[in-house]
Amino acid sequence: MDTVKKISIVVPVFNEDRSITKLYSRLESIAAELPFQWEYIFVNDGSSDNSFMELKNLAMKDRKVKVLDFSRNFGKEIALTAGAHESQESDATICIDADLQHPPELIPTLIKKWEEGAEVVVTIRTEIAKQPLLRRLGSNIYYWLMRKMSGIDLKAKTTDFRLYDKKVIKAFVRTTERERMFRGIMDWMGFRRSYVEFKADARAEGEAAYSYGKLWRLAVNSFTAFSLWPLRLAGYLGVFISTISGLLFIWMLANYLVFNIWIYTPLAMTVVINTFLIGIVLMALGLVALYVGIIHTEVINRPLYIVRQKISYHE
C-alpha cells in the first residue's frame, strides 16, 4: 500500500490578522479535494496586531496547523527560512503569502507539475492589480541587474509562491548565510524547475509589509550576496577615471611644451582631478564596507531567528 505523501504549506505572517482566516478557509477547501496529508506552518514574524491570537485559535481547532512565534520581527526572508526548516520532513513544501495576492487555488497546478517531475515549481506574476508604477519599474530593473551581475538565471516577476521538493528543502537547510534572499538562494541551487503564470489580485486587507526602504535593503543584500560585480565596478571606475585623468594631464603638458599654450588654471585642474579621484576612493571604500559588513554578520554567528514558542496540537 502506497504511503500518503505529506505537503507542508508555509505562510509568513506579519500583521495579517484580517487575512489569516480567509486564507485558511481557502486552503482547507483545496486540501479537501486532494489526496495528501497536509500541514500548515504559520510563522508569526513579530506581528503587533492580533495575528498571533488568530493563529493560536486556528491551531487549537485544527491539528494540521503549526505556529512558530518569533521573539521579534526578523523579516520575511527569515520567516520563510524557519518555515522551510520546520517542513523538511515533508515530501513537498509550498510557500505562500498571507495577504491573498497569491491565489491558493493555484496549488493543485503546482502539485501537478511536481508530480510530473519538477523539483521546484515557480509562479510568475504576469500582472498585479493596483501595483504602483515605481514598484513595477523597480522590479524590472532589479531582475535585469541581478541577471547581469550574478550569472544566475533569475526570471522577472517570479514570486515566493513556490513548491519545493523534499530534496530541495534538504539542500536549502545546509545554507548558513544570514543576510539572505530566500528565493535567490533557491534559484542559485538549481534543480529541475517548472513555471506557472498567474494574475495577482490587490491586497485583500491592510498595507504591504515591504516598504520601499525594506525593498532597497533586500536588493542591496542580494547584489552583494550573489555577486562580486560591485567590487569589480569600483575597480573599473578607478581605472577609467585614472586613465582619463592621465590623458588630460598629458594633454595639458602637450599644450604647454609643444604649442606653448597654457589655457588651464593649474589649481583648478588639480582640484577637479583630486575630486574625481577622492570620489572613486570613497565609492570603493563604501562597496568594500558592504562586503566587510556581511563578513562581520557571518562571523558573529548569531542564530538566524529565535522562536518564542511553538504551538502544535499534533497527537
Side-chain angles (χ1 to χ4, degrees), residues 3-100 102 104 106-108 110-111 114 121 160-173 175 180 182-183 186 209 303-315:
T3 304
V4 177
K5 291 184 177 180
K6 182 179 180 180
I7 297 179
S8 292
I9 307 290
V10 172
V11 187
V13 175
F14 179 69
N15 294 342
E16 298 285 359
D17 58 352
R18 291 180 289 178
S19 300
I20 291 170
T21 302
K22 296 176 183 177
L23 174 62
Y24 169 77
S25 298
R26 290 169 68 176
L27 290 173
E28 277 289 85
S29 64
I30 293 163
E33 301 295 326
L34 296 173
F36 297 100
Q37 180 183 351
W38 296 90
E39 174 185 61
Y40 306 137
I41 302 174
F42 291 90
V43 184
N44 183 40
D45 187 23
S47 298
S48 58
D49 60 2
N50 291 322
S51 293
F52 177 68
M53 292 306 301
E54 291 287 333
L55 295 174
K56 186 175 181 180
N57 290 336
L58 284 181
M60 291 178 65
K61 74 177 186 179
D62 187 348
R63 296 182 182 275
K64 298 192 300 299
V65 174
K66 284 184 180 180
V67 180
L68 301 182
D69 182 35
F70 279 177
S71 61
R72 65 170 177 84
N73 177 249
F74 285 90
K76 181 182 178 182
E77 309 304 311
I78 301 301
L80 287 168
T81 297
H85 289 174
E86 187 68 26
S87 72
Q88 59 184 297
E89 297 304 322
S90 297
D91 295 286
T93 297
I94 298 174
C95 297
I96 186 171
D97 286 355
D99 58 12
L100 300 177
H102 296 163
L106 207 58
I107 288 176
L110 304 186
I111 293 175
W114 171 56
V121 186
D160 286 314
F161 185 22
R162 303 183 178 196
L163 180 148
Y164 301 104
D165 185 81
K166 182 176 183 177
K167 63 174 66 71
V168 180
I169 296 297
K170 289 287 188 181
F172 172 78
V173 169
T175 63
R180 58 176 53 203
F182 183 82
R183 65 176 179 265
M186 292 297 191
L304 282 174
Y305 52 87
I306 299 173
V307 176
R308 175 187 287 113
Q309 64 183 116
K310 175 180 175 181
I311 298 176
S312 175
Y313 293 96
H314 290 194
E315 291 181 337

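Residue pairs meeting the ring-ring contact (aromatic ring centres under 6.0 Å, His included) criterion with at least one member in residues 56-81, sequence neighbours excluded, are Phe70-Phe74, Phe70-Tyr305. Residues in residues 41-56 take part in no salt bridge (charged side-chain N to carboxylate O under 4.0 Å, His left out) pair, two or more places apart or across chains. Pairs passing the salt bridge (charged side-chain N to carboxylate O under 4.0 Å, His left out) check and including a residue from residues 86-97, sequence neighbours excluded, read Lys66-Glu86, Lys76-Asp97, Glu86-Lys310, Glu89-Lys170.
Salt-bridge check for Glu28 with Lys64: passed, with a basic side-chain N closer than 4.0 Å to an acidic carboxylate O.
Contact annotation: the side chain of Leu110 approaches that of Phe161 to within less than 4.5 Å [non-hydrogen atoms, C-beta and beyond]. Using a 4.5 Å heavy-atom threshold, the side chains of Glu16 and Ser47 count as separate. Between Val10 and Tyr164 there is no side-chain heavy-atom pair separated by less than 4.5 Å. You'll find the side chain of Leu23 stays beyond 4.5 Å of the side chain of Ile20, heavy atoms only. At least one side-chain heavy atom of Phe36 sits under 4.5 Å from a side-chain heavy atom of Ile111.
Annotation for Thr81 and Glu77: closest pair OG1-O, 2.8 Å, computed over non-hydrogen atoms. Of all heavy-atom pairs spanning Ala98 and Pro12, the tightest one is CB-O, 3.8 Å. Among all heavy-atom pairs drawn from Val43 and Ala82, the shortest one is CG1-CB, 4.5 Å. In terms of heavy atoms, Val67 sits closest to Ala59 at CG2-CB, 4.2 Å.
At least one donor-acceptor pair closer than 3.5 Å links the side chain of Gln88 to the backbone N or O of His85. Distance alone, capped at 3.5 Å, is enough to place a donor-acceptor pair between the Ser51 side chain and the Asp17 backbone.
Scanning for side-chain contact (heavy atoms from CB on, under 4.5 Å) contacts around Ala171 gives Met189, Phe191, with sequence neighbours left out. Under the side-chain contact (heavy atoms from CB on, under 4.5 Å) criterion, Ala84 pairs with Ile169, Phe172, Phe182, not counting sequence neighbours. Every side-chain contact (heavy atoms from CB on, under 4.5 Å) that Gln37 has, sequence neighbours left out, goes to Val4, Lys6.
For the residue pair Ser8/Ser87, the side-chain donor-acceptor check at 3.5 Å is not satisfied. Side-chain contact check for Tyr40 and Asp62: no donor-acceptor pair (N or O, by modelled atom type) lies under 3.5 Å.
Summarising the geometry, atom CG belonging to Asp160 is positioned 14.0 Å from atom CD1 belonging to Ile94; distances are rounded to the nearest 0.5 Å. If you take OG1 on Thr93 and CZ on Arg162, they are separated by 13.5 Å, rounding to the nearest 0.5 Å. Considering CG of Leu55 and CG of Leu58, their distance stands at 6.5 Å, rounded to 0.5 Å. Distance check: His102 NE2 to Ile107 CD1 gives 11.5 Å after rounding to the nearest 0.5 Å. Annotation: the span from Ile41 atom CD1 to Cys95 atom SG amounts to 9.0 Å, rounded to 0.5 Å. Distance check: Ile7 CD1 to Leu163 CG gives 6.5 Å after rounding to the nearest 0.5 Å.
Counting non-hydrogen atoms of neighbouring residues, nucleotides and ligands closer than 6.0 angstrom, the NZ atom of Lys5 reaches no more than 12 such neighbours.
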Just do the side chain to side chain contact (heavy atoms under 4.5 Å, CB included) check on Ile9 and Val11 with the steps written out, would you? CA-CA 6 Å; Ile9 307 290; Val11 187; 4.0 Å; yes
Between Lys166 and Ser90, does a side chain to side chain contact (heavy atoms under 4.5 Å, CB included) hold up when you go through it step by step? CA-CA 6 Å; Lys166 182 176 183 177; Ser90 297; over 6 Å; no
Should Ser48 and Asn15 be marked as a side chain to side chain contact (heavy atoms under 4.5 Å, CB included) after you check the CA-CA gap, both sets of side-chain angles, and the distance that decides it? CA-CA 6 Å; Ser48 58; Asn15 294 342; 3.3 Å; yes
Can you check side chain to side chain contact (heavy atoms under 4.5 Å, CB included) on Leu68 and Phe42, steps first, answer last? CA-CA 6 Å; Leu68 301 182; Phe42 291 90; over 6 Å; no
